[in-house]
Amino acid sequence: MSEKSIPPLKEKRILLGVTGSIAAYKAVELASRLTQAGALVDTILTQAATRFVAPLTFQSVTARQAYADQDLWNGQEHVLHVKLAEWADIIVIAPATANTIAKLAHGLAEDLLSLTALSFTSSPPRIITPSFLIAPAMDAGLWKNPAIQKNVATLKKQGALTIGPEQGHLASGLDAAGRMSEPENIFREIRYQLSRRGPLAGKKFVVTAGPTQEPIDPVRFLGNPSSGKQGFAVAQAALDQGAQVTLIAGPTALAAPRGAEKIDVQTAEEMTNAVLSNCPRADALVMTAAVADFKPAKSYAQKLKKENGLTGINLKRTQDILTQVGRLKKKTGWPKIVVGFAAETENLIANAQDKLNKKALNLIVANNIAQPGRGFQSDTNQAILLAPGSVPKTLPLMTKEKTAVEILARITLLLKN
Ligand code: CTP
């Protein structure tokens with residue numbers, strides 16, 4: 001099993017259909033990405049697809065079977081399409097040409113891929129829904145054609161999920177809609193769809209991430225170097241377990257995980273409002289954000305000019321979000337679980353313990369940001385988990401993604417109790 005294995009994809013049986021489009025070469029990257037994430041990927045190529053890319057290419061990146069059309073007739077397997085349709089948890093056709101879409105919409109079972117996909121979609125309801133994903137790829141004129149749109153609509157009505165196509169450069173030279181979605185976007189969609197029945201399905205998570213910025217004037221602010229990486233990783237880990245996630249983020253350069261409802265904020269005050277309005281009925285709040293403790297007492301409407309001089313900036317305290325959440329929880333019972341972070345440079349455990357008590361938290365994630373490979377900007381973290389009445393748990397130095405998975409495992413336990 002791959003080191004990078006991620007829960008919703010681990011050991012999932014994905015049947016990848018590849019049809020005859022120039023985007024077929026990108027399907028190799030998708031197959032590789034899914035395999036690295038722990039999925040078992042078998043591939044079926046149509047005859048036209050093999051003109052662009054070979055079954056061997058897929059076999060090489062997936063270490064599994066890649067079937068071409070002639071396997072329907074010459075292969076060793078008995079009734080191959082039935083076997084594959086029974087085997088798959090999910091079928092992904094990427095790229096899906098107008099021709100294959102038409103075959104599937106009209107029930108034309110004439111090659112290994114259409115036979116398998118039609119057998120698959122007509123079998124009893126799947127555990128995973130939607131279990132049939134198509135990523136169309138064709139020239140813009142074709143994509144706009146009403147007959148093709150009708151075929152796509154037919155498949156959607158039958159429960160298929162379409163991903164893209166996206167606007168962009170097409171092989172014909174046009175810049176228009178028709179380009180297959182990027183493998184990374186298809187991967188993210190598959191990851192999200194496969195996660196929906198995870199152990200935290202139905203649970204609502206609110207996660208904060210990144211820094212806040214407190215404006216001095218329209219071009220200057222007080223801030224901190226938080227990258228948001230740990231918070232975004234927590235949001236992704238919660239999504240991977242099936243939770244519904246609201247991600248409240250200060251300014252960061254990161255893309256939100258697929259499926260998260262992202263609320264962008266700038267200041268501590270905006271973050272406070274967003275958190276408080278999302279706490280009711282939240283199962284867990286994870287305050288990963290590095291919220292400013294002070295803001296300029298006065299924020300200037302116009303840019304300060306240096307000629308005018310500036311002798312100092314008076315500061316005033318921002319509100320402590322967790323303290324307010326504590327009050328809300330006392331009154332309403334929401335959020336059920338409140339998790340804080342403690343970024344410290346000294347007396348890590350004592351300071352974290354103090355915050356745990358003062359802010360009435362269910363869990364605090366403490367890290368010593370003065371040490372290399374931990375805290376702000378870094379891709380790795382080394383955290384200690386402290387909860388009331390239990391022995392502190394020291395996690396190893398590891399990626400923020402893995403740290404997030406550990407934090408989620410602990411929250412899941414707290415939610416069970
Ligand atoms: N936090 C908060 N509201 C603030 C500041 C921090 O809710 N205005 C949250 C953070 O998101 C984090 C926890 O409180 O989960 C601890 O933040 P940290 O900055 O380590 O501690 P502070 O409480 O700000 O205390 P100090 O800066 O004195 O260490």
Side-chain angles (χ1 to χ4, degrees), residues 1-6 8-97 99-101 103-104 108-124 126-128 130-135 137 160-161 163 180 183 186-187 189-191 193-194:
M1 186 53 57
S2 159
E3 251 290 277
K4 293 181 207 152
S5 160
I6 52 175
L9 287 157
K10 193 175 169 192
E11 281 162 19
K12 285 289 174 353
R13 293 177 302 219
I14 300 178
L15 190 60
L16 176 64
V18 182
T19 71
S21 148
I22 177 60
Y25 80 93
K26 292 187 181 175
V28 180
E29 196 184 325
L30 176 63
S32 167
R33 192 81 172 79
L34 291 167
T35 303
Q36 287 177 53
L40 309 172
V41 183
D42 278 5
T43 311
I44 300 178
L45 293 93
T46 61
Q47 202 178 2
T50 60
R51 293 185 166 248
F52 292 96
V53 59
L56 182 62
T57 322
F58 288 93
Q59 265 169 32
S60 305
V61 298
T62 61
R64 295 188 56 89
Q65 289 292 329
Y67 301 94
D69 218 27
Q70 62 267 27
D71 291 317
L72 185 58
W73 310 110
N74 314 332
Q76 306 299 314
E77 305 276 0
H78 178 63
V79 208
L80 181 59
H81 68 281
V82 176
K83 188 197 102 166
L84 288 171
E86 277 174 1
W87 171 82
D89 290 321
I90 178 169
I91 293 191
V92 181
I93 303 187
T97 55
N99 186 35
T100 292
I101 290 171
K103 279 185 201 167
L104 298 177
L108 196 62
E110 63 157 19
D111 55 18
L112 181 57
L113 179 59
S114 55
L115 268 165
T116 309
L118 287 163
S119 310
F120 177 84
T121 48
S122 63
S123 56
R126 302 272 157 182
I127 298 175
I128 297 161
S131 54
F132 183 41
L133 275 62
I134 50 175
L161 182 78
I163 309 169
M180 186 179 85
I186 302 174
F187 174 84
E189 189 63 46
I190 297 169
R191 178 179 191 169
Q193 296 300 340
L194 289 180

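Every value quoted in this text rests on a predicted model; they were computed, and no experiment measured them. Side chains included, hydrogens not; waters and symmetry mates left out as well; all remaining heavy atoms used.
- Looking only at distances, no side-chain donor or acceptor of T57 sits under 3.5 Å from a matching main-chain atom of V53.
- Taking 4.5 Å as the limit, every side-chain heavy atom of Q36 sits out of range of all side-chain heavy atoms of V61.
- Not a single donor-acceptor pair under 3.5 Å links the side chain of K83 to the backbone N or O of V79.
- The closest donor-acceptor contact from the side chain of T100 to the backbone of T19 lies at 3.5 Å or more, if one exists at all.
- The two atoms that bring F58 and A66 nearest to each other are CB-CB, 3.9 Å, heavy atoms only.
- Here the OG1 atom belonging to T116 is positioned 8.0 Å from the CG atom belonging to L72, to the nearest 0.5 angstrom.
- The distance from atom CG of D89 to atom CG of L194, rounded to the nearest 0.5 Å, is 7.5 Å.
- Here the closest non-hydrogen pair linking D71 and A68 is OD2-N, 2.7 Å.
- Distance CG/L112 to CG/L45: 10.0 Å, rounded to 0.5 Å.
- Proximity of L133 to I91: side-chain heavy atoms (C-beta onward) are nowhere separated by under 4.5 Å.
- Considering only heavy atoms from C-beta on, I6 comes within 4.5 Å of R191 through its side chain.
- Between A137 and S21, the shortest heavy-atom distance links the atoms CB-OG, 3.7 Å.
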Stepwise, does the side chain to side chain contact (heavy atoms under 4.5 Å, CB included) test hold for K12 with I90?
-> CA-CA 8 Å; K12 285 289 174 353; I90 178 169; 5.6 Å; no
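- Residue pairs meeting the side-chain hydrogen bond (donor to acceptor under 3.5 Å, both in side chains) criterion with at least one member in residues 39-48, sequence neighbours excluded: D42-R64.
- For the atom pair CZ of F52 and NZ of K26, the computed distance is 13.0 Å after rounding to the nearest 0.5 Å.
- When atom types are taken as modelled, the side chain of S32 and the backbone of V28 share no donor-acceptor pair closer than 3.5 angstrom.
- The shortest heavy-atom contact between V18 and A24 is CG1-CB, 3.8 Å.
- Across T97 and G20, no two heavy atoms sit closer than the pair CG2-O, 3.4 Å.
- For the pair L108 and S114, the minimum side-chain heavy-atom distance is 4.5 Å or more.
- Contact record, A27 with A94: CB-O, 3.2 Å, taken as the closest heavy-atom pair.
- A heavy-atom distance below 4.5 Å is found between the side chains of I93 and F132.
- Looking at V92 and L15, their side chains never come closer than 4.5 Å, going by heavy atoms from C-beta outward.
- Taking CD from Q70 and CG from D111, the interatomic distance works out to 11.5 Å, rounded to the nearest 0.5 Å.
- Remark: side-chain polar atoms of S119 are paired, donor with acceptor, to backbone N or O of L115 under 3.5 angstrom.
- Side chains of M180 and I163 form no contact here, defined as non-hydrogen atoms less than 4.5 Å apart.
- Looking only at side-chain heavy atoms (C-beta outward), L113 and H81 stay at 4.5 Å or farther from each other.
- Distance check: L80 CG to Q65 CD gives 9.0 Å after rounding to the nearest 0.5 Å.
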